[in-house]
Each structure stands twice: as structure tokens, then as C-alpha cells.
Engineer: 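What follows is a single structure, and I will ask about it in a moment.
Computed from heavy atoms alone, side chains included, the values below leave out hydrogens, waters and symmetry copies. It should be emphasised that the depicted structure is a prediction, and the values quoted were computed from it without experimental measurement. Naming convention: chains lettered A, B, ... in sequence-line order (proteins, then strands); numbering from 1 in each chain.
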Amino acid sequence: MSIPKTYNPRNTEDKWYAHWIEKGYFNSTPDEREAYTIVIPPPNVTGVLHMGHMLNNTLQDVMVRRARMMGFNACWVPGTDHASIATEAKVVQKLAKEGIQKNDLTRNEFLEHAFDWKEKHGGIILEQLKKLGASCDWKRTKFTMDDEMSESVIKVFVDLHQKGLIYRGVRMVNWDPSAQTALSDEEVIHKEVNSKLYYIKYKIEGTNETITIATTRPETILGDSAICVNPNDERYTHLKDKKAIVPLVDRVIPIIFDEYVDMEFGTGALKITPAHDINDYQLGDKYGLKTIDILNDDGTLSENASLYVGKDRFVVREEIAVDLKTKGCLVKMEEYKNKIGFSERTDAVIEPKLSMQWFFKMESFSKPALEHVMNDDIQFHPPKFKNTYRHWMENIKDWCVSRQLWWGQQIPAYFYEGNKYVVAENKQDALTLAQKENPSVTMDDLKQDSDVLDTWFSSWLWPISVFDGIRNPNNAEISYYYPTNDLITGPDILFFWVARMVMAGYEYRGELPFKNVYLTGLVRDEQGRKMSKTLGNSPDPIKLIKKYGADGVRVGMLLCAPAGNDIPFDEGLCEQGRNFSNKIWNAFRLIKGWEVSNCKQPEGSKKAINWFESKLSKTINEIDESYSKYRISEALMGTYKLVWDDFCSWYLEIVKPNYGSPIDSTTYAETIKQLEKILKLLHPFMPFLSEEIWHLIDNRKEDIIVADWPLVGIVNEQLLSDFENTKEVVAGIRTIRKQQNIANKEQLELLIIENQKSNANLDAIVVKLGNLSSIRTTIEKLNGAFNFMVKSNEYFIPLAGNIDVALEIEKLKKELDYTKGFLKSTETKLGNERFVNNAPQQVVANEKNKMNDAKAKIEIIEIKIKNLS
RNA sequence: GGGCGAUUAACUCAGUUGGUUCAGAGUGCCUCCUUUACACGGAGGAAGUCGGGGGUUCGAGUCCCUCAUUGCCCA
């Protein structure tokens, strides 16, 4: 049977994934082992996999697979989020294409369409995760609108209401005119845009005077109820008690004085539109101004505007400018850069708007949530996000939780007799409550609030509700799996989700929801832009997997992904991952191709095995250390170098029998053992390839996915350092071969003047890798030989060919200069009394050693130069 | 405008509590090599004033100040 030259992922990935599923390795039930739990950040139910998910889920899978190998009862809970706005927008869009308007449907009819859509498009993303190799416990798959999940959400809402933390009121909210719903502050994205600053002249009532204001939203003058200037602004003091007239509508409004106004900005005079600006709203409140709401929910002007009624606000902005100009009220227009809020989901320009909404007072929750992060009960990786988190927690505002949508959990508030309402888990309870107030209320009188809850109001319970910990707080699952271990997500949802889960954790479980939060970077494209659905600049991960293999893509993603750093994605990284797969494959192919016999074990092989055992142990140690610090790319790089450099380039090259010769059985058995350990280290990163080779090595029942994580053995530091020395000698020989154009096939002789004896005799390795006919020590300098130095030992390769004496001398002089410089630096240091007195003894002693070594080396080089010339 | 970071090789990043001539890794680049696991490979090599300036110290990539550039969060 011949093994193909390159690794082909297509032959292995589906096969092993099906096998793992069949064996139930991903499934977890509570047992006597310690649990290791991750809950997935639930992707949008109708979403498709993008690079951010790839990164995120690869990291989670790496953590889960390693935990499983380390003997934990590993449980990764998958699921999806109903994503109210995003999904509803998609459904509305789809219906519109079919000529159906949302308003033509009843709530139930619409929800039927929405569930159809969810059935059709939902879960695609989970199937895609399987291609990546994600070892989720699929039997636990949850959806934030599953009945039990929704029940938990409602229960929590009612509970918070009873605790007096939920209230209803008219407030200035962020209004998304496209989705026609309120949004939380977190859902508003501020972007800098080029806009225009309009300078508009208002007449002062009863005079010929005017006052000019500057605004970026001229259409809102229709809702003006005052003009405000700074009381310290001498330009306007004479306008006290005067009134201004709004152009076009000729409404008379007061001129008020408040220090809020920035005298430097624009003309120093500010128009006040309480209905459409949060700051104006507050001023309006303070001075009892009229609130004139000139916008409809869809962003067109309302009857209140009295002009341009029914036209979109942006159309009006253009038209009003023209009309103002005609009337001579437009003084000038300037180019202006300002920040404008956009809807996170629909990208529509947010309008501040007064509306009746439900709010959640979170202040009392923020205290424990902040404290336990700041004292590292919950650790953030990297810790720099603690600051951002603190800032948000310390300035926490009430959370607007109602959305004017249908897709989501309907708010369990029931109205009767107009504005009276009760909040209860179901209509029956609501009736009971209402009847306490008024016994004559009937079921038919109760009308449930039509709003739904913010999506995040369900996902903030996720780590609890997936284990049914809200409805059944003492069930076996939640006791076993909660708190979870690691949460891996992007920093963009630190407030949306992470912070709120922490709050929910302490409120509803009395403890943290997870011990560690690993915040990934954002995946960016080559131009540094954030990869997003809207931009369409994300490569299709499934295509990448087809091209490079899932393992290749996983490695590619992780190679450049230190926690918290943005990742400029480059397909070349996947290529590197693919090449790595192939390298491992070929190492296996080499070993598998050997003929094994009972011949004597070569000395070099014996030494190489000892060395590699030490090297492997040391590296496992380092890898474990990297994992514990959540430096996953570092752990991967450690594994990468162990395989490529140590195992392939050195170990295998040493033990490799000569062409056509067999390998001794001892070395073969040892080599297989080492390879198996390496495969285990690789498994979390490259699950498919490692499982495939694991089974090609031997026809066996056990799978690597559940094999034991390799233990750290004894590390012989001396041997490791001797081997480093040997590497340098080999490199010296190779350099000479290359410089002199000597074929590798041609055997060479090596002579050594050992000024410094090494402990382990690794000559056999030098002979093998240098292709030497002999190696021996000498005490005489050899003239007319190529030579090099390692530490203070001198190596000579006698050759018939001509030596370029001048070149040799030049090389030696260069080295001499360097060493002399080195000596000088040590001497200066040691000559400095303050250094000798102040530096720790160890440092001074070190410095003395360095000085002596340098002196010895200089002497040798000088003699060499003398001999040559 | 406020807050928090970042700035080290062409690129992406390491660099622990200041202490080896400590400036490092991977990729890329250059030269040579179809050699008997792998050209998705091997051997060798070049490459950085550690953003600028100042300070503390016997000693600064590492600590402090300042300026510049840049990213993120919040208003």
C-alpha cells in the first residue's frame, strides 16, 4: 500500500466527524469527573458562518478538546439566538418581495412566517460548525426562543418587576426608523460622517434684529421650542426676555439662557428641539418647554411639523435648505464632520425620539458584577479589557428592554382599563392580580403589551438557562455544569452580553457565570476593514475549508491570533496551515515506510531518542504553560516548532536509516511513541489529521480524541544544551559544504581541538548529519583546512581544494572585532565601581565569566590569524 | 471632548519582576539544491536607531514625563 505524497483532508474529515458523533464523544452527562464547560456565544439563528465565528469557535474547540483529553467531563453547549431585529428585518424583507406588508398580517400570521423562515434557514450555521470540527454536545442544542428558554426569560422579567427594577415610562430613546423600534444605547454605533452645518437666521420678535444659529439638522427647526445662549455671552445679553420667530412656520419661541451652551461652537446660539435631541430634551425639561414631535415612526415628518408632512427627514433636509435660502433665512452652509448614530442592525440613522418604553434599572446589579471582575474572580484575557468593562459598569444607565417588534418574547404585561397594567408570567396570573385591584376585570379585558424584549434580555441568561437553572434552580445539571469555565467571544459584545451575563449570574445564581473570559480580536480584511456581512468582505469559511482542509484553516486562524488583537486575515495563513498538515503527513509517511529489523541500534539513534524525550517534555511544559495563560497562538507555535524543527529536521534526520537499509526495532518503537505524543499535542488544533494518522499507525479501537494528554517527563537540561552545541557543529559543517560547493554525498573528515569538553558525547550524531568519514580530536592546528568555531572549540575540515586565505582572514577578523567589542563592554561594566557595588552578585559573576570566555576566544582567533598569514 | 490601549525586521507578533552582545519567532525576501518523507520541501543568508525627544538608574525595548501617529470604548 502506498501512501499519497500529500495529505488529503477530504478523505478524512467527514469520516472522523461521523465516527466521533456515533461514539458520542461530544455528549456529556454529569458524572464523578470534574466538569469543563463552555457555552457557545449563540450565533444568529439565520446567520451564516463568517471568519469571526471561525476564529471564535476554533478557539472554543481547542479548549474543549484539550480539556477532554485532560480527563475533564467536557461539555460545549451549542445553540442559536433568535436575534429579534435582524431576523425580523429579514422576514419583513422576504415578505415584501412577495408583496406582503407586515402591517397586513396579524401578529400570529407574521410569527408563522418567521418560524417558517427559521426552519428553513436556521441551523445552517451549526452545520457549518461541524465542518470546522466543532465538538459541541449537539444533543444540548438550544435556541433562545425554545419554550423553556422563553419561559425563563418571562420568569426573570416578572421577578425583576416585582423587585421594582423594571419600570415603564416615556423617555428619549434611540429610534430606528427602518426597523421602527427603540434600541438600547449599546445598539447604536457612532460613526464620523461628512455633513453640513447650516447657519439659520431667526427674527427677534418686535425688532429688526435677527439671531443666527447653527445646526446639522435644519428640518428639526419645525420642532423648535426655544433658542438658548450662554448667559456669559456678551453678544446676546441684550436679548434677555426677547422672543424669536421660527422661520417658515413663524412660531414664536423664547430665548433662554443656560451655561450648557458652548460659546465657541457655531454662533454660540443653539436651537432647542426637545423632542429630537437628548440634550435639548433635558433643557426642555428644565425650562418647561413645549415638546413638538415632528417625526413619524418611519422617519417621515408628521402633522406636527405642519410643513413637508409625509416626506422623509433627509428629503426635507434638502428642501428646507432651499426654502430657507429663498426666504433669506439661510446665512451660509459649511462642510462639517460629526458623529452620527447608526443602528447596529439596520444601519439606519438613529433618531432620538420620545417614546413609551420598558426600562430596567441595573445600578444595583453593577456593583457585584464590577467587583468580581476587578478582583479577578472572573479573569479577563487579555486583562486590558477590565478597564473598558469598569468604565461601562461605573456609568451604567437604565436598559431599554422593549422593542416594537413581534419576533421575540412578548412582554408579559397585561393592560386593562386603559393604562392600568399588571405583570405576570401568564394571563391567568395576570387576571388574579388585576382582580385584586378591580374584581370586575375579566379575561377579555386584559390586553398583553404588544412589544417584545430585547434579544439580549434572553441571551444574558444563556449560561443559566441552557441548564434550566432559572426554572429549576437546584437541578442536577446546573449544579454540575455551572459556573462554566471559559467564555470565548469578541470584545464587540462585551457590554451587550458579557457584562450582563455577569450581572445575571450573581443575581440568579449568586455566583459568577464563568471563570475566564477570552476576548478575541476582530477579524479584518487586508485593507484593515472589519469583516462583516454588510460589507461582504468575509471569505467564505466553507470554501477555505475545502481548499486547505479544516485543520489547515484552524491552524491558519490561530497562528496570528493573540488574545485581544485584531487579526488581519490573510489566506496565506491557511496555506501555512495546510503546509503544516502536509509536513506532519510526510513525517508519518517516512516512518511508515521503514522496514524494521533486529539489527543493532546505532549510537546516534540512542542519543537522539534521549534528547528528544527531554525536548518533548520541556516543550509540553511550555505548551501547558501557554494554555494556562490563554496564549493559544503561542501554544500552537510551540507545537509547530516541536514538530517541524525538533522532530522532523533533527530527530528524524538522525534516526533515519540509510537508503535501502532497515531500522532497528528499538528505535522504531521509540519513534512511534514520540509520534503518538506529538499527535496528541496536535489534536486540539488539528483534530482530523491527528485522528487519521493515529489510526494509520496502528489498527486500534481507542481514538485520539479521548486519549490522555501527554505527561511531562524528566528534562535533562545538560543534554539539551549539549545538543544545541551539536546543532551548531552540524551547521558549521553544512555552511562549509555550501560555501565550498561540496555535495552532501561526499564524505568529509572532521578534526577538533577541544578547548572545552562537552559532557555528552554526541559525535555519532555529528558523523551522521555531517556525513563524516571520521571525527577525531587533535591538539595541533591544521593549516590549509577549512575551519569554524563553536564556543571555544575549533573544528577543521581538511580539503584538497584551495582555501582563500584572504577570505578566511577577513572572516576571522570580523569575529575578532565582535569578540573584542564584547570584551570591552564587559570590562567597562566591571570597571565601573558603581556597577560592581550595586548590581546583584550573580550579575557581576556572570559578567566576569563572560569576560574570561571572551579573552580565551580572542587568544585563539589571534593565533589562527597568525597561522594563516 | 473624556477614558483605555498600541507603536519592536517587509508583514503578523513575542519580549515576565529593569541585568548576558538581548534585540527574538513565524511568514515573506535573497542564494543554492529536484537529494533517497515532504518543492505544500531542504540548506544557508540578509534584514530593526525597539515611533521622536527628555529624564530616573551603575545599567532602559522594559520605569517616569512629553510630543507624534494610530486603534478601541464612551459622550
Engineer: Counting side-chain heavy atoms from C-beta on, which of A75(B), U36(B), G5(B) comes nearest to Asn387(A)?
Structural biologist: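 For Asn387(A), the side-chain atoms sit closest to G5(B).
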Engineer: Determine the interatomic distance between C1' on G19(B) and the same-named atom on G59(B); round to the nearest Å.
Structural biologist: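 Their C1' atoms lie roughly 7 Å apart.
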Engineer: Roughly how far apart, to the nearest Å, are C4(B) and C67(B) at atom P?
Structural biologist: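 Their P atoms lie roughly 15 Å apart.
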Engineer: Taking the nucleotide of RNA chain B with the nearest heavy atom to each, does Asn279(A) or Glu653(A) sit closer to the 5' end?
Structural biologist: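 Between the two, 5'-proximity favours Glu653(A).
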Engineer: What is the pairing partner of G48(B), taking Watson-Crick or G-U wobble pairs with both distances under 3.5 Å in any strand?
Structural biologist: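 Its partner: none found.
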Engineer: Rounded to the nearest Å, what distance is computed from the NZ atom of residue Lys5(A) to the P atom of nucleotide G42(B)?
Structural biologist: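 The distance from NZ of Lys5(A) to P of G42(B) comes to 14 Å, rounded to the nearest Å.
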Engineer: Examine Phe647(A) together with Tyr651(A) and report whether their ring centres are nearer than 6.0 Å.
Structural biologist: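 They qualify: ring centres under 6.0 Å apart.
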Engineer: Across the strands shown, which category fits Arg631(A) at heavy-atom distances under 4.0 angstrom: base, sugar-phosphate, nothing?
Structural biologist: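 Counting heavy atoms under 4.0 Å across all strands, the contact made by Arg631(A) is with sugar-phosphate only.
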Engineer: For a quick test of reading the model: is some side-chain N or O of Arg578(A) closer than 4.0 Å to OP1 or OP2 of G41(B)?
Structural biologist: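 For Arg578(A), the contact criterion (side-chain N or O under 4.0 Å from OP1 or OP2 of G41(B)) is not met.
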Engineer: Any idea which of A75(B), C38(B), C4(B) is nearest the Lys583(A) side chain?
Structural biologist: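 Between A75(B), C38(B), C4(B), the one nearest the side chain of Lys583(A) would be C38(B).
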Engineer: OP1 or OP2 of A25(B) versus the side-chain N and O atoms of Tyr640(A): is any pair under 4.0 Å?
Structural biologist: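 Checking A25(B) against Tyr640(A), no side-chain N or O comes under 4.0 Å of OP1 or OP2.
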Engineer: Over all strands shown, is Glu394(A) touching base, sugar-phosphate only, or nothing at heavy-atom distances under 4.0 angstrom?
Structural biologist: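 The answer is nothing, as Glu394(A) stays clear of every strand by at least 4.0 Å.
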Engineer: Rounding to a whole Å, what distance do you find between Gln576(A):CD and A25(B):C1'?
Structural biologist: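 Distance, rounded to whole Å: 11 Å.
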Engineer: With a cut-off of 6.0 Å (strictly less than), are more than 12 heavy atoms of other residues, nucleotides or ligands near CD of Glu859(A)?
Structural biologist: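 At most 12 heavy atoms, drawn from other residues, nucleotides or ligands, come within 6.0 Å of this atom.
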Engineer: Any side-chain N or O of Lys397(A) below 4.0 angstrom from OP1/OP2 of A75(B)?
Structural biologist: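 Indeed, a polar side-chain atom of Lys397(A) lies that close.
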Engineer: May I have the distance from Glu634(A) (atom CD) to U12(B) (atom C1'), rounded to whole angstrom?
Structural biologist: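 One finds 15 Å between C1' of U12(B) and CD of Glu634(A), rounded.
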Engineer: Which word best sums up how the rings of Phe723(A) and Trp650(A) line up, parallel for under 30°, tilted for 30 to 60°, or perpendicular for over 60°?
Structural biologist: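 Answer is perpendicular, since the angle exceeds 60°.
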Engineer: Which whole number of Å gives the distance between the C1' atom of U8(B) and that of C22(B)?
Structural biologist: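 Their C1' atoms lie roughly 12 Å apart.
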Engineer: Counting side-chain heavy atoms from CB outward, which of G44(B), C73(B), A37(B) is closest to Arg734(A)?
Structural biologist: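 So the nucleotide nearest the side chain must be G44(B).
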Engineer: When you look at CD of Glu363(A), are more than 12 heavy atoms from neighbouring residues, nucleotides or ligands closer to it than 6.0 Å?
Structural biologist: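 Check fails, neighbour count at 12 or below.
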Engineer: Watson-Crick or G-U wobble partner for A23(B), using a 3.5 Å limit on both distances?
Structural biologist: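 Answer to the pairing question: none, since A23(B) forms no Watson-Crick or G-U pair.
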Engineer: Distance between the C1' atoms of A39(B) and A60(B), in whole angstroms?
Structural biologist: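 It works out to 45 Å between them.
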Engineer: Going by the ring-ring contact (aromatic ring centres under 6.0 Å, His included) test, name the single residue among Trp399(A), Trp392(A), Trp456(A) that passes it with Phe496(A).
Structural biologist: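 Exactly one option meets the ring-ring contact (aromatic ring centres under 6.0 Å, His included) with Phe496(A), and it is Trp456(A).
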Engineer: Quick check on A37(B): is either OP1 or OP2 less than 4.0 Å from any side-chain nitrogen or oxygen of Lys656(A)?
Structural biologist: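 Yes, such a contact exists.
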Engineer: Roughly, in whole Å, what's the span from CD in Glu595(A) to C1' in A37(B)?
Structural biologist: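 Answer to the nearest Å: 17 Å.
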Engineer: With no hydrogens and no angle check, is any side-chain donor or acceptor of Lys397(A) less than 3.5 Å from a backbone partner on Met362(A)?
Structural biologist: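 Flag not set: sc Lys397(A) to bb Met362(A) has no pair under 3.5 Å.
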Engineer: Who does G5(B) pair with, Watson-Crick or G-U, both distances under 3.5 Å?
Structural biologist: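 WC or wobble partner is U70(B).
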Engineer: Closest nucleotide of RNA chain B for Ser649(A) versus for Asn744(A): which of these residues is on the 5' side?
Structural biologist: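 Result of the comparison: Asn744(A).
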Engineer: When you compare A9(B) with C50(B), how far apart are their P atoms, in angstrom units rounded to a whole number?
Structural biologist: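 My reading of the P atoms in A9(B) and C50(B) gives 10 Å.
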Engineer: C40(B) pairs with which nucleotide, Watson-Crick or G-U wobble, both distances below 3.5 Å?
Structural biologist: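 Looking at the geometry, C40(B) pairs with no nucleotide.
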Engineer: Contact class for Lys641(A) vs. all strands (heavy atom < 4.0 Å): base, sugar-phosphate, or nothing?
Structural biologist: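 Since only primed, P, OP1 and OP2 atoms lie under 4.0 Å of Lys641(A), the category is sugar-phosphate.
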Engineer: Which base, if any, makes a Watson-Crick or G-U wobble pair with U34(B), both distances under 3.5 Å?
Structural biologist: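 U34(B) is paired with nothing.
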Engineer: Can you confirm whether more than 12 heavy atoms, excluding those of Lys673(A), are under 6.0 Å from its NZ atom?
Structural biologist: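 Open: at most 12 neighbouring heavy atoms sit under 6.0 Å from NZ of Lys673(A).
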Engineer: Determine the Euclidean distance between corresponding C1' atoms of U7(B) and U62(B); express it in Å to zero decimal places.
Structural biologist: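 It works out to 15 Å between them.
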Engineer: Is a side-chain donor or acceptor of Thr639(A) paired with a backbone partner of Ala635(A) at a separation under 3.5 angstrom?
Structural biologist: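 Side chain of Thr639(A) to backbone of Ala635(A), a donor-acceptor pair under 3.5 Å: yes, one is there.
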Engineer: Calculate the interatomic distance between His190(A) atom NE2 and G1(B) atom P; express it in whole Å.
Structural biologist: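 In whole Å, G1(B) P and His190(A) NE2 are 17 Å from each other.
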Engineer: Which nucleotide in the set U36(B), C32(B), G26(B) lies at the smallest distance from any side-chain heavy atom of Lys738(A)?
Structural biologist: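 Selected nucleotide (nearest to the side chain): C32(B).
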Engineer: If we take the C1' atom in both A47(B) and C29(B), what is their distance in whole Å?
Structural biologist: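 The answer is 9 Å between these two C1' atoms.
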Engineer: Is there a side-chain polar atom (N or O) of Trp644(A) under 4.0 Å from OP1 or OP2 of G42(B)?
Structural biologist: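 For G42(B), OP1/OP2 do have a side-chain N/O of Trp644(A) under 4.0 Å.
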Engineer: Which nucleotide in the list G42(B), G3(B), A75(B) gets nearest to the side chain of His391(A)?
Structural biologist: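 The nucleotide sitting nearest to the side chain is G3(B).
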Engineer: Are any of Asn586(A)'s side-chain N or O atoms less than 4.0 Å away from OP1 or OP2 of G41(B)?
Structural biologist: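 So the side chain of Asn586(A) is outside the cut-off, no N or O lying under 4.0 Å from OP1 or OP2 of G41(B).
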Engineer: Hey, would you say the Phe380(A) and Phe385(A) ring centroids sit under 6.0 Å apart?
Structural biologist: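 Not close enough - the centres of the two rings lie 6.0 Å or further apart.
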Engineer: For G28(B) and C11(B), measure between their P atoms and round to the nearest Å.
Structural biologist: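 Those two atoms are separated by 15 Å.
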Engineer: Return the nucleotide paired to A60(B): Watson-Crick means purine N1 to pyrimidine N3 with N6-O4 or O6-N4, wobble means G-U with N1-O2 and O6-N3, both under 3.5 Å.
Structural biologist: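 Across all strands, not a single nucleotide pairs with A60(B).
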Engineer: Using whole Å, report how far CG of Asp645(A) lies from P of G42(B).
Structural biologist: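 After rounding, the reported distance stands at 9 Å.
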Engineer: Taking only the side-chain heavy atoms of Lys339(A) (C-beta and beyond), determine which of C32(B), A75(B), C40(B) contains the nearest atom.
Structural biologist: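 Nearest listed nucleotide: A75(B).
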Engineer: Nearest-Å distance, CG (Asn338(A)) to P (C74(B))?
Structural biologist: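 Those two atoms, CG and P, are 18 Å apart.
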Engineer: Assign Phe495(A) to base, sugar-phosphate, or nothing according to its heavy-atom contacts below 4.0 angstrom with the strands shown.
Structural biologist: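 Sugar-phosphate, no base atom in range.
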Engineer: So, is Asn579(A) close to the G41(B) phosphate, meaning a side-chain N or O under 4.0 Å from OP1 or OP2?
Structural biologist: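 Result: yes.
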Engineer: Rounded to whole Å, how long is the line connecting atom CE of Met557(A) with atom C1' of C13(B)?
Structural biologist: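 From Met557(A) CE to C13(B) C1': 15 Å.
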